[in-house]
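First the structure, in the form of structure tokens, and then the observations on it.
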Amino acid sequence: MSIENLKVNDPFADDVGETQPKNYVHIRIQQRNGRKTLTTVQGLSKDYSPKALLKAFKKEYACNGTIIQDTELGEVIQLQGDHRTKVFEFRTNRDKDKMGKYALPKDSIKIHGF
């Protein structure tokens with residue numbers, strides 16, 4: 001007879017599994033003044049053209065936007081308004097008129113904000 005439940009298992013020990021950091025696409029919201037907000041999309045890989053994505057976002061959501069160059073984060077897309085869920089659905093949609101074969105898996109996108 002052996003007692004299996006007395007084995008030592010440290011929950012705070014470093015996991016030796018996948019140690020490679022995963023490259024996520026971060027979708028954030030920033031409060032401007034009053035009710036005005038900005039949606040930022042950062043962490044896009046070099047496979048995607050930020051200009052083409054911005055053009056598609058502006059056309060799809062009828063909003064204005066710009067591309068900001070950041071030294072740490074690279075190119076960040078800014079959109080006027082709260083479009084977090086819409087951008088998430090657009091980036092994961094595999095329809096030919098949306099992202100098609102360039103769509104991302106849902107677990108590689110993180111949505112931040114209130």
Do [X] and [Y] belong together in a cluster built from hydrophobic side chains that touch within less than 4.5 Å?
X	Y	result
I77	I111	yes
L44	L38	no
L104	V76	no
L53	L73	no

Taking all heavy atoms of [X] and all of [Y], pick out the closest pair and write down the distance.
X	Y	result
Q31	K36	NE2-O, 3.5 Å
C63	Q80	CB-O, 3.5 Å
K51	I67	N-CD1, 3.6 Å

Distance in Å, [X] [atom1] paired with [Y] [atom2], rounded so as to fall on 0.5 Å steps:
X	Y	atom1	atom2	result
Q78	T66	CD	OG1	7.0 Å
T40	H112	OG1	NE2	8.5 Å
E60	E89	CD	CD	10.0 Å
E75	L54	CD	CG	10.5 Å

Crowding at CZ, R32 (>12 non-hydrogen neighbours, <6.0 Å):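 Count over threshold, so yes.
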Has the side chain of T39 got a donor or acceptor atom that lies under 3.5 Å from a matching backbone atom of I29?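 Not at all, since once roles are kept as given, no pair shorter than 3.5 Å links the two residues.
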For the side chain of Y24 and the backbone of G43, is there at least one donor-acceptor N/O pair under 3.5 Å apart?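 Side chain of Y24 to backbone of G43, a donor-acceptor pair under 3.5 Å: no, none is there.
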Angle between ring planes, F90 versus F57, binned at 30° and 60°: parallel, tilted or perpendicular?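 F90 and F57: perpendicular rings.
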Picking from T92, I109, V41, V25, what satisfies side-chain contact (heavy atoms from CB on, under 4.5 Å) with V87?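 Answer after filtering T92, I109, V41, V25: V41.
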Passes side-chain contact (heavy atoms from CB on, under 4.5 Å), Q30 versus T37? Steps please. CA-CA 6 Å; Q30 294 177 347; T37 58; over 6 Å; no
Side chain to side chain donor-acceptor pair (under 3.5 Å) with E72: which residues, sequence neighbours excluded?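 Once residues adjacent in sequence are excluded, E72 has no partner under the side chain to side chain donor-acceptor pair (under 3.5 Å) criterion.
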Holding to side chain to side chain donor-acceptor pair (under 3.5 Å), I want the full list of residues that pass it with Q42, two or more places apart in sequence or in another chain.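 If we apply the side chain to side chain donor-acceptor pair (under 3.5 Å) test to Q42, skipping adjacent residues, there are no hits.
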Taking the six-membered ring of Y48 (Phe, Tyr or Trp), confirm whether the NZ or CZ of R91 is under 6.0 Å from its centre and within 45° of its axis.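 Yes, cation above the ring, under 6.0 Å and within 45°.
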Any side-chain heavy-atom pair of L79 and N64 under 4.5 Å: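 Not in contact.
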